[in-house]
Amino acid sequence: MPHELPKSYEPGAIETRWAEYWIREKLFSVPTPPEGETRPVFTLLLPPPNVTGRLHMGHMLNQTQMDIIVRWHRMRGFITLWLPGTDHAGIATQMMVERQLAKEGKKRRDLGREKFIERVWEWKKLYGGAILDQMKRLGASVDWDREYFTMDENLSRAVREVFVRLYEEGLIYRGKYIVNWCPRCETAISDLEVKHEEVAGKLWEIRYPVIGTNEFITVATTRPETMLGDTAIAVNAKDDRYTHLHGKKVLLPLMNREIPIITDELAQPEFGTGAVKVTPAHDPNDFQAGKRHHLPQIDVMDEHAHMNQNAGPYAGLDRYEARKQILADLQAHGFLVGEKDHTLALGKCDRCGTVVEPRLSEQWFIKIKPLADRAIEAVESGEITIVPDNYRQIYLNWMNNIYDWCISRQLWWGHRIPAWTCDNCKEVTVAREAPVKCPKCGSTKLEQVSDVLDTWFSSGLLPFTTLGWPEKTRDQAVFYPTTLLITAYEILFFWVARMIMFGCHFMEGHQQDPAIKKASGWADKKNDSVPFRQVYIHALVRDADRQKMSKTKGNVIDPLEIIERFGTDATRFTLAAMAAPGTDIAFSESRTDGYRAFANKIWNAARFMFMNVDRIGFVWNRVSDPVKPGQGPDDSSGAGVSSFNPQTLEDRWILSRFNRVTAEVNDALATYRFHEAANRIYDFFWGEFCDWYLELIKPRLNFEEGADKTQAEISCGNLVSLFDASLRLLHPVMPFITEEIWHAIYEGKPPLKSIALAPYPQPDERQYDLNAETEMAILQDLIVNVRNLRAELKVEPKIKVPIDLFAPDAAIRAMIQQNRGAVERLGQVDKITFVENSLVRLAGARSTARFDVHVLYERKIDVAAECGRLTKDLEKLEKEFANNQRQLSNEQFLAKAPEKVVEGLRRRAEELTLLRDKIKHQLEELNRTGPK
RNA sequence: GGGCGCUUAACUCAGCGGUAGAGUGCCAUCCUCACACGGUGGAAGUCAUAGGUUCGAAUCCUAUAGCGCCCA
């Protein structure tokens with residue numbers, strides 16, 4: 001059956017087809033491996049996107065990298081599980097639905113809790129799958145049979161179990177503390193959910209009259225409205241300016257309340273006036289100071305950040321309205337004594353951007369220190385490695401300065417806290433299931449606490465809850481700890497750190513199936529409670545101007561639009577090729593356009609191959625193809641290109657090069673150097689395979705009457721087997737085009753359902769051929785020099801020219817002689833004449849260390865241009881030579897530099913002398929014969 | 001305030017102790033029977049600045065400037 005492919009590659013046509021095929025055929029579904037399984041395992045948890053999410057470049061990068069690593073492992077014979085799912089995203093989702101309600105003129109309270117949650121579920125059903133559908137377009141090879149949602153019943157049960165256990169262990173407590181409060185979302189949020197922003201603000205100075213004196217104490221504040229809740233003034237004990245006021249009281253302006261002057265470290269003498277107001281209910285530092293001095297806590301705001309009844313005449317005002325009013329009143333009564341410009345870091349809600357208010361409220365917390373200690377240990381001991389390495393330190397710094405985690409949220413959408421309050425005695429009972437009666441007073445009037453848990457509480461448990469925890473399952477024995485986590489720096493603390501803490505705590509004592517652990521290469525790891533063995537933190541994708549993408553800036557690049565225009569493969573390749581670890585990616589379309597061209601190049605190389613396959617009537621011998629699924633990473637039986645039968649220099653050369661590139665690509669992937677892997681393949685396929693190998697074998701393929709048919713078949717076979725191997729090498733990065741061509745090679749009857757299940761190429765050292773590589777380099781050098789001379793002599797492209805060649809080394813002469821056809825074809829040469837003497841004195845000649853070549857053509861060369869070029873070359877050589885000699889005459893260099901380097905420089909010196917003399921001669925000759 | 005990163009060809013980026021690289025763009029030329037999303041040839045960089053370490057620095061150290069990020 002002849003292969004018919006369109007002349008140019010159209011990704012849109014094939015990509016959706018394969019994406020659907022992979023899902024329909026369940027190619028990436030992984031059943032639980034039975035006892036006795038000895039193959040290596042690779043497990044990766046997809047960072048669950050929010051149900052509210054739309055695919056952005058960050059996801060695309062993340063998923064591209066994961067898919068590359070996952071496909072690479074799968075092709076190397078690992079049992080490879082990539083687990084997908086979505087996160088219920090408490091605040092974000094609730095906001096979406098609230099917004100929807102707002103359009104109908106309703107608020108969530110109008111519906112009531114139950115109806116509202118029903119509404120969210122409806123919303124989730126309708127829109128929640130959007131991001132996963134987008135993911136499918138990327139070709140992500142996840143196990144869709146294991147897809148989860150963080151609010152699934154089994155996961156919810158696990159969440160309750162975790163909560164109860166932590167509570168019973170005394171690691172969860174409830175209390176009234178200062179938390180970050182978002183007045184718009186009407187909920188507490190964690191420190192991590194507050195984003196600080198530098199803004200130009202004011203610093204106001206207010207003076208408080210000291211009772212019993214005619215003195216004043218002046219304090220500075222950026223939030224004057226909180227003064228209504230002041231319960232003390234603090235000065236530093238060491239500050240002599242205030243010693244005489246110790247023990248005295250001041251009269252709080254506007255409120256006419258007497259409050260004490262206390263001494264506390266909170267007041268720093270060198271800062272401002274050295275005295276500070278203390279507002280325990282509205283500032284975390286003041287809260288601590290208040291505890292130390294047993295000060296009352298006066299809350300002056302409500303949950304909407306409006307002043308409450310404690311604010312006296314200001315009750316009911318919005319916080320900023322109140323500020324204005326208070327400043328005016330202070331001014332009027334002579335208490336306001338200064339106003340300065342001041343830049344302050346304003347905390348804003350990560351979700352909605354509203355300015356956060358520190359607020360005293362009853363919340364649930366996790367006592368983090370005991371959990372953090374083990375999580376620190378896991379990273380410090382190397383049980384978990386973080387790549388790039390610098391994130392390790394960042395992680396440790398954070399963990400060492402961690403605060404208790406506020407886990408309760410005053411939302412409706414999320415995992416409701418499994419705690420019940422007794423209506424009668426107010427006793428709070430924490431339990432797995434709703435208690436029938438209060439254990440303290442026996443009352444049956446119990447109401448569940450209305451708060452829900454922070455979204456990250458449940459996602460922090462995913463590495464084990466998705467594997468069936470709290471039951472002990474075979475899945476856990478096999479797949480836990482997961483092997484790798486690939487994620488963005490942004491959620492290192494939100495998510496990664498918490499998974500480590502929870503994993504180390506709840507999976508303590510867990511042991512992975514020893515046979516599988518060993519086969520997977522983790523035998524040296526002692527701790528199987530960690531949620532993953534390795535963490536790879538990927539870069540941020542910025543726009544072409546290095547700006548962080550954001551909706552407000554309007555510079556968001558939509559990956560789906562890029563995919564539409566250039567194809568998924570090209571987009572994936574771009575992200576891979578630009579993903580040098582530790583550096584952010586400035587996404588540039590021109591690069592993607594370049595990689596679309598690469599896809600087209602591959603496509604056309606395939607067309608070329610099929611054209612010859614069809615013409616020769618070649619039958620691809622499937623048996624000899626090294627397709628052995630399921631071989632382990634150490635099994636080298638499929639190594640190299642086993643069905644390749646090298647006959648000629650170019651055969652030996654390309655085979656050697658393929659094996660070297662294979663080694664480099666495998667190494668690069670093993671250390672997450674995606675850019676290196678992508679670039680190696682690109683250079684090989686385009687620069688070596690297409691530009692040289694395909695050109696070189698054309699004469700052997702173009703068999704006509706009287707030609708050697710066997711040779712044509714052998715080279716056709718070599719072409720196909722090398723192409724097949726190259727496709728497998730490239731597959732993890734460009735899954736679609738490789739799948740399409742691979743199936744075409746097998747004329748729709750491949751030995752496996754997908755190239756994704758075929759083995760990944762491994763280098764075979766026996767197929768390295770240094771001689772072939774050296775000889776090929778000389779041949780390429782010769783051809784390039786001839787082309788170069790032709791261009792300079794302005795020889796018409798179609799005209800073939802004779803050349804003279806001086807090559808003193810007999811072996812090189814023989815090699816060129818043997819490959820003269822290549823020189824003739826690729827250099828447009830019609831006759832090669834070997835000569836006895838150097839050709840450097842001739843115009844229109846080039847020389848290298850190994851040969852001189854002269855193109856015979858009647859047209860005179862441009863003497864001035866040639867002189868210019870040679871002079872420039874000479875300058876460069878002289879400079880290098882001078883440098884070279886300086887080093888070689890330096891005794892310290894000779895004494896200290898490694899032998900290899902010295903030897904290299906010596907050889908280079910010889911070459912340089914030779915080249916320099918040749919150019920000098922050429923210049924002399926040109927000056928002698930050429931026009932002035 | 002603390003911490004981190006970046007500054008290499010016009011643009012976007014690799015390289016991170018031993019002779020400056022890629023892609024795009026640019027110039028010239030060629031629609032040669034896989035590919036003009038192509039071939040061939042070419043031009044283009046005191047590797048931010050100033051010191052230091054070293055036989056040798058784009059690469060290591062220190063300082064400065066500019067840009068950016070994170071944490072408080």
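For the numbers below, each heavy atom of this structure counts, side chains included, while hydrogens, waters and symmetry mates do not.
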Parallel, tilted or perpendicular: ring planes of Tyr595(A) versus Tyr682(A), cut at 30 and 60 degrees: perpendicular

Sugar-phosphate, base or nothing in reach of Glu695(A), heavy atoms under 4.0 Å: base

Rounded distance in Å - CZ (Arg846(A)) to C1' (G42(B)): 11 Å

Nearest-nucleotide pick for Pro797(A), side chain only, options being C30(B), G41(B), U40(B): C30(B)

Parallel, tilted or perpendicular: rings of Trp456(A) and Trp495(A) (30°, 60°): tilted

Phosphate OP1/OP2 of C37(B) contacted by Trp686(A) side-chain N/O (<4.0 Å): no

Interatomic distance at P, A43(B) relative to G3(B), whole Å: 48 Å

G38(B) phosphate, OP1 or OP2, under 4.0 Å from Asn600(A) side-chain N/O: no

Watson-Crick/G-U partner (both atom distances under 3.5 Å) of G1(B): C71(B)

G-U wobble or Watson-Crick pairing nucleotide for G66(B) (cut-off 3.5 Å, both distances): C6(B)

Check: Lys698(A) side chain, A34(B) base, donor-acceptor under 3.5 Å: yes

Nearest-Å distance for atom pair CD/C1', residues Glu589(A) and C11(B): 14 Å

Length of the CD1-C1' vector between Ile741(A) and A34(B), whole Å: 11 Å

Quiz item: Glu792(A) side-chain donor-acceptor pair to A28(B) base, under 3.5 Å: no

Between G52(B) and A44(B) - P atom distance, rounded Å: 32 Å

Whole-Å distance separating the OH atom of Tyr391(A) from the P atom of C70(B): 11 Å

Pairwise 5' ranking along RNA chain B for Arg607(A) and Glu676(A), keeping only the more 5' one: Glu676(A)

Integer-rounded Å distance: A22(B) P and Phe573(A) CZ: 16 Å

Strand partner of U29(B), provided both Watson-Crick or wobble distances fall under 3.5 Å: G39(B)

Which atom of Ile376(A) lies closest to which atom of Met399(A), heavy atoms considered: CG1-CB, 3.5 Å

Spacing of the C1' atoms in C30(B) and A36(B) (rounded, Å): 10 Å

Inter-nucleotide P distance (U7(B), G25(B)), Å rounded: 24 Å

Partner nucleotide of C47(B) by Watson-Crick or wobble geometry (both distances under 3.5 Å): none

Proximal nucleotide (of U29(B), G38(B), C31(B)) relative to the Lys601(A) side chain: G38(B)

Pairwise P distance for U62(B) and C69(B), with rounding to whole Å: 24 Å

Watson-Crick or G-U wobble partner of C60(B), both distances under 3.5 Å: G52(B)

Euclidean distance, atom CZ of residue Arg825(A) to atom P of U40(B) [Å, nearest integer]: 13 Å

Side-chain donor-acceptor pair present, Arg673(A), Thr671(A), cut-off under 3.5 Å: yes

Sugar-phosphate, base or nothing in reach of Ala597(A), heavy atoms under 4.0 Å: base

Which residue lies more 5' along RNA chain B, comparing Ala605(A) with Tyr682(A) via nearest heavy atoms: Tyr682(A)

Heavy-atom pair of closest approach, residues Val356(A) and Cys349(A): CG2-N, 3.5 Å

Parallel, tilted or perpendicular: ring planes of Phe723(A) versus Phe689(A), cut at 30 and 60 degrees: perpendicular

Pair assignment for U19(B), Watson-Crick or G-U wobble, requiring both distances under 3.5 Å: none

Sugar-phosphate, base or nothing in reach of Asn679(A), heavy atoms under 4.0 Å: nothing

Residue pair Ile602(A) / Met734(A), side-chain heavy-atom distance below 4.5 Å: yes

Phe573(A) side chain near Ile737(A) side chain, heavy-atom distance below 4.5 Å: no

Residue-phosphate contact under 4.0 Å: Arg591(A) side-chain N/O, U12(B) OP1/OP2: no

Whole-Å P distance, G15(B) and G5(B): 15 Å

Closest to the Lys798(A) side chain, choosing from U40(B), C31(B), A34(B): C31(B)

Interatomic distance at P, C13(B) relative to C6(B), whole Å: 13 Å

Nearest-Å distance for atom pair CZ/C1', residues Phe493(A) and C69(B): 12 Å

N or O in side chain of His675(A) less than 4.0 angstrom from G15(B) OP1/OP2: yes

Whole-Å C1' distance, U32(B) and G18(B): 43 Å

d(CG, Asn604(A); P, C33(B)) in whole Å: 13 Å

Candidate nucleotides U29(B), A34(B), U40(B), ranked by approach to the side chain of Phe608(A) - the nearest: A34(B)

